[in-house]
Peer 1: 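Okay, here's the structure, questions in a sec.
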Amino acid sequence: MRQKKQSMGCFNILKKRRDFRKTYAGGKVVADGHLVIYYKANNLGISRFGFSVSKKVGCAVKRNKVRRILKEICRKNQEKFLNGRDYVIVSRPGIVGKSYQKVSEILLSNLRRLG
RNA sequence: UGAGUAAGCUGGGUGAUCGCGGGUACCAGGCCGAAAGGUGGUGCCUGAGGAAAGUCCGAGCUCCGCAGGGCAGGGUGCUGGGUAACACCCAGUGGGGGCGACCCUAAGGAAAGUGCCACAGAAACAAACCGCCACAUUGGUGGCAAGGGUGGAACGGUGCGGUAAGAGCGCACCAGCGGCCGGGUGACCGGCCGGCUAGGUAAACCCCACCUGGAGCAAGACCGAAUAGGGGAGCGGCAGGGCGGCCCGUCCUGCUCCCGGGUAAGGUCGCACGAGAUGUCAGGGCAACCGGCGUCCCAGAUAGAUGAUCAUCCAAGACAGAACUCGGCUUACAGGUUUACUCACGGC
RNA sequence: GGCCCCAUGGUCAAGCGGUCUAAGACACCGCCCUUUCACGGCGGUAACCCGGGUUCGAAUCCCGGUGGGGUCA
C-alpha cells in the first residue's frame, strides 16, 4: 500500500520507515470508521507523531486537507497526549470532507479510549 | 430584444491572531552525529495551477567508451511557412456539414505487387441466373448486356440517335483518365483537345517521401567512516562477455607499465536566470512568429511546506496541489467578464 | 515522481476483421436419477470497461478516457 507521510517542524515527528514499522508491529491500536491510531512507548521522554493518508482516501487535494487538519489538531492539543510515546495516525476514506471541529471531536474521543 | 458562432481574460476579496517551507541580515557560538554534515532566536522579503492532472508527443539536461554505418523496428503523411523541436501553431488547397457567422477533415500511392471482400448472388475483377435477338424447332448454335433479381458495392450516369437485339457504336452534358496551354513558390485552379473505362479496402501487408540509438533526476556527480579491491595507458587480436534486436565496428576480461581508487545504510549537490516574465515600437510579417529597447527575479520541498480561529462584503466560491525544467496536445471545470461577427423579429 | 502491463457471464478464462446469435470449466436455477444428500445426465439464466473514428461489417484495428496491477531509491 502506498502511504504518504509528513513531518512538521515545531514538534517531534516520525520520519523513518523503520519507526513506522516498529509502531505498527509493536504497538496498540484504537480505531473507528474515520481513523486508526497506533501508539507505542519509545523510551525518549517525548511524543512523536506520524501521519499516513493513503491514495484510497482521495485525490491529492483531499489528502492534503485531511493531513493538515490532523496536524493542526495534534499541534494544538499536544498536552492531551501522554509523553514518551510514538503515535501514527492513519486516515480512512470516511474522514474526507469533515470540518476541523468534526475531525477534532473524532480524534479526541479516540484519544480518551486509548487512555 | 432573442438565438447563435468565434477568440480572449478571470478563477473569491479585505483585515487580525496562532502555526509551517524557502531566502536574507543580525545575534548566539551551543546542541545532534563516527564523519560528511545538519540544527537555534529575532526582523524583513517570499511561498502552487490554468489545467500544477493524464503522461499522449516534442526538446533541454545526465549517464550508457564514441553516439558510428547497414538491416530490422517505430513514427509522421494535402501545400507553404513558424519554431530549439514536434504528431503543435499560422496561412492556404481539396472534400464534407450549416440559411449564415463558422465548424469538421490520419487528406500520399489501389495502372509496383500480394491479400481480403463473410451471407446473398450466375458473377466481387471474374462474368451470364431470369432475360432480349437471329437461325434452327423444342433438350441446339450464335449474338447481346437494355431490363429484372442479390448485395454495402455489379463493369461510367442521364437523354437522344442507332440496331435483328444491343453495346461509348455515335452525339450532347456530367463524372473519371491522359495530354497541352495559362495562373500560382506549391497543394491546386481555369481553358482546350484526345481516346473511351479504370470496383472497394493501405487506422490489411506493402510502396514512396521525411524523421528516428537507448534509458531516464529513483538520471547522474561528489563527501565521509568501515570492509576490501579498483582505475588509466600501451600491446594483442584466439576464446568469452558488454554496447536497445541482428550484422559490421568497437570496448572489457588477458599481458606490461603507471596511478591511487569502486560498492550498500548516511550526507551534499543536481535544484531553478530560463528557447524566462512583462511593457513598449503608428518595427517586419495576412498570421503563427521574429527583431530592437526598457524593466523585473517570480515556490524550490526531500516522509515532502498554504492550515486553524474571528470579523466583514458579494454573484456564496467549480475542477483541483509544484517534485529536474520548458513547448504543445488531451481531459476536468461553478460563476463572472471583454471583443468581433451571423440569423430572426421590431423601431428609427 | 518515472517506467511498464491488464480489462470478456458471479469466478477462471478462449478469441487475433465476417457461420460471434461469443467456446469451455467452476458456480447458480429447474428437471431426471436416488428413500434423501452427493456424484452423474438433460435444459436454462448470465459477459466483450466507457466514448468517438476507420470499414459494407469491430470484442478484435486507430484515438481519447476510466478502473485495477507491477516495477525502480
Side-chain angles (χ1 to χ4, degrees):
Chain A
M1 182 192 296
R2 295 201 179 86
Q3 293 180 328
K4 194 162 178 117
K5 290 133 278 189
Q6 273 79 23
S7 79
M8 290 160 288
C10 83
F11 63 104
N12 297 287
I13 43 91
L14 280 179
K15 289 188 177 179
K16 302 284 183 250
R17 180 172 177 76
R18 56 176 174 272
D19 290 335
F20 273 81
R21 273 214 286 258
K22 248 190 272 178
T23 310
Y24 289 143
K28 298 181 176 178
V29 185
V30 169
D32 66 3
H34 306 91
L35 291 173
V36 183
I37 303 175
Y38 294 89
Y39 65 100
K40 184 180 190 297
N42 61 10
N43 298 323
L44 294 175
I46 54 170
S47 293
R48 298 188 299 179
F49 296 88
F51 300 93
S52 173
V53 186
S54 87
K55 278 193 171 173
K56 282 184 184 173
V57 171
C59 63
V61 171
K62 291 169 183 163
R63 294 200 306 272
N64 274 335
K65 182 75 174 172
V66 167
R67 197 201 66 238
R68 286 163 180 167
I69 288 174
L70 287 173
K71 169 184 145 186
E72 182 73 5
I73 294 167
C74 291
R75 191 181 65 80
K76 286 198 169 178
N77 297 282
Q78 275 189 81
E79 71 284 353
K80 292 181 179 154
F81 291 86
L82 288 172
N83 272 342
R85 282 176 173 178
D86 289 338
Y87 296 90
V88 174
I89 300 171
V90 178
S91 304
R92 284 180 167 174
I95 203 158
V96 169
K98 298 276 192 293
S99 68
Y100 175 85
Q101 288 91 343
K102 274 269 177 65
V103 176
S104 186
E105 289 168 21
I106 292 163
L107 179 57
L108 293 177
S109 74
N110 278 304
L111 192 58
R112 279 191 293 277
R113 286 168 55 202
L114 66 86

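In what follows, chains carry the letters A, B, and so on, assigned in the order in which the sequence lines appear, proteins first and then strands, with residues in each chain numbered from 1.
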Peer 1: Could you tell me the separation between the SG atom of A:Cys59 and the NZ atom of A:Lys65, rounded to the nearest 0.5 Å?
Peer 2: 13.0 Å

Peer 1: At 4.0 Å (heavy atoms only), tell me whether A:Lys65 reaches a base, stays on the sugar-phosphate, or touches nothing.
Peer 2: sugar-phosphate

Peer 1: Contact list please: residues 95-105 of chain A against RNA chain B, heavy atoms, distance less than 4.0 Å, in numerical order.
Peer 2: A:Tyr100, A:Gln101

Peer 1: Using the C1' atom as the point on both nucleotides, what is the distance between B:G142 and B:G166, in whole Å?
Peer 2: 15 Å

Peer 1: Taking the P atom in each of B:G249 and B:G237, what is the distance between them to the nearest angstrom?
Peer 2: 15 Å

Peer 1: Looking only at the side chain of A:Lys71 (C-beta and beyond, no hydrogens), which of the listed nucleotides B:A48, B:G307, B:C20 gets closest?
Peer 2: B:C20

Peer 1: Find the partner of B:U83: check Watson-Crick (N1-N3 plus N6-O4 or O6-N4) and G-U wobble (N1-O2, O6-N3) distances, both under 3.5 Å, and reply none if neither fits.
Peer 2: none

Peer 1: Is it true that a side-chain atom of A:Asn110 and a backbone atom of A:Arg113 form a donor plus acceptor pair closer than 3.5 Å?
Peer 2: no

Peer 1: Would you say that A:Arg63 contacts A:Val66 through its side chain, given a criterion of any heavy-atom pair below 4.5 Å between the two side chains?
Peer 2: no

Peer 1: Should B:A233 form a Watson-Crick or G-U wobble pair with both distances under 3.5 Å, which nucleotide is its partner?
Peer 2: B:U256

Peer 1: Closest approach of A:Tyr39 and A:Val29, non-hydrogen atoms and distance?
Peer 2: CE2-N, 4.4 Å

Peer 1: Just how far, in rounded Å, is P of B:A320 from NZ of A:Lys55?
Peer 2: 15 Å

Peer 1: So A:Phe49 and A:Tyr87, would you call those rings parallel, tilted or perpendicular, with 30° and 60° as cut-offs?
Peer 2: parallel

Peer 1: For A:Lys80, give me all partners under side chain to side chain donor-acceptor pair (under 3.5 Å), at least two apart in sequence or on another chain.
Peer 2: A:Asn77

Peer 1: Provide the Watson-Crick or G-U wobble partner of B:C329, both distances under 3.5 Å; none if there is no partner.
Peer 2: B:G54

Peer 1: Is C:U66 paired to anything, Watson-Crick or G-U wobble with both distances less than 3.5 Å, and if yes, which nucleotide?
Peer 2: C:A7

Peer 1: Taking atom C1' in both C:C48 and B:C174, compute the distance separating them and give it to the nearest angstrom.
Peer 2: 48 Å

Peer 1: Could you tell me the Watson-Crick or G-U partner of B:G262, where both distances fall under 3.5 Å? Say none if there is no partner.
Peer 2: none

Peer 1: Return the polar atom pairs (N/O with N/O) between nucleotides 322-324 of chain B and the protein under 3.5 Å, or none.
Peer 2:
none

Peer 1: Between B:C293 and B:A323, how far apart are the two P atoms, rounded to whole Å?
Peer 2: 36 Å

Peer 1: Drop me the distance from A:Lys76's NZ to A:Glu72's CD, to the nearest 0.5 angstrom.
Peer 2: 5.0 Å

Peer 1: Tell me every residue that passes salt bridge (charged side-chain N to carboxylate O under 4.0 Å, His left out) with A:Lys102, counting only those two or more places apart in sequence or in another chain.
Peer 2: none

Peer 1: So, for A:Arg92 and A:Val57, which heavy atoms are closest and what is the spacing to 0.1 Å?
Peer 2: C-CG2, 4.1 Å

Peer 1: Separation of A:Asn77 atom CG from B:G19 atom P, in whole Å?
Peer 2: 15 Å

Peer 1: Grab the CG-P distance between A:Asn64 and B:C20 for me, whole Å please.
Peer 2: 18 Å

Peer 1: Please state the C1' separation for the pair B:U79 and C:G52 - nearest whole angstrom.
Peer 2: 29 Å

Peer 1: Considering only the P atoms, how many Å lie between B:U263 and B:U278, rounded to the nearest integer?
Peer 2: 45 Å

Peer 1: How long is the straight-line distance from CD1 of A:Ile73 back to CD1 of A:Ile106, given to the nearest 0.5 Å?
Peer 2: 8.5 Å

Peer 1: Under 3.5 Å, is there an N or O donor on one side and an acceptor on the other linking the side chain of A:Arg68 and the base of B:G19?
Peer 2: no

Peer 1: Considering all heavy atoms of both residues, which atom of A:Phe51 and which atom of A:Arg67 are nearest to each other, and what is their separation?
Peer 2: CB-CG, 4.2 Å

Peer 1: Please give the distance between the P atoms of B:G267 and B:G38 as a whole number of Å.
Peer 2: 11 Å

Peer 1: Quick one: pull up CD1 in A:Ile69 and OG in A:Ser104 and give me the separation to the nearest 0.5 Å.
Peer 2: 10.0 Å

Peer 1: Between protein and nucleic acid, restricted to nucleotides 52-56 of chain B and to nitrogen or oxygen atoms under 3.5 Å apart, what atom pairs and distances do you find?
Peer 2:
none

Peer 1: Without decimals, in angstroms, what is the distance between A:Arg75 CZ and B:C20 P?
Peer 2: 7 Å

Peer 1: Could I get the full list of side-chain contact (heavy atoms from CB on, under 4.5 Å) partners for A:Lys40, not counting sequence neighbours?
Peer 2: A:Thr23

Peer 1: For B:A334 versus B:G294, give the span between their C1' atoms, rounded off to a whole number of Å.
Peer 2: 41 Å

Peer 1: A:Arg67 has a side chain; which of B:U306, B:G321, B:G307 sits nearest to it?
Peer 2: B:U306

Peer 1: Between B:A308, B:C20, B:A48, spot the one nearest the side chain of A:Lys76, thanks.
Peer 2: B:A308

Peer 1: Just name whichever nucleotide pairs with B:A118, Watson-Crick or G-U, keeping both distances under 3.5 Å, else none.
Peer 2: none

Peer 1: Of the options C:G1, B:G321, B:G307, whose atoms approach the side-chain atoms of A:Cys59 most closely?
Peer 2: B:G321

Peer 1: When rounded to the nearest 0.5 angstrom, what is the spacing between CG in A:Leu111 and CD1 in A:Ile37?
Peer 2: 6.0 Å

Peer 1: When both hydrogen-bonding distances must be under 3.5 Å and the geometry is Watson-Crick or G-U wobble, what is B:G60 paired with, if anything?
Peer 2: B:C324

Peer 1: Could you let me know what B:U137 is paired to, Watson-Crick or G-U wobble, both distances under 3.5 Å, or none if it's on its own?
Peer 2: none

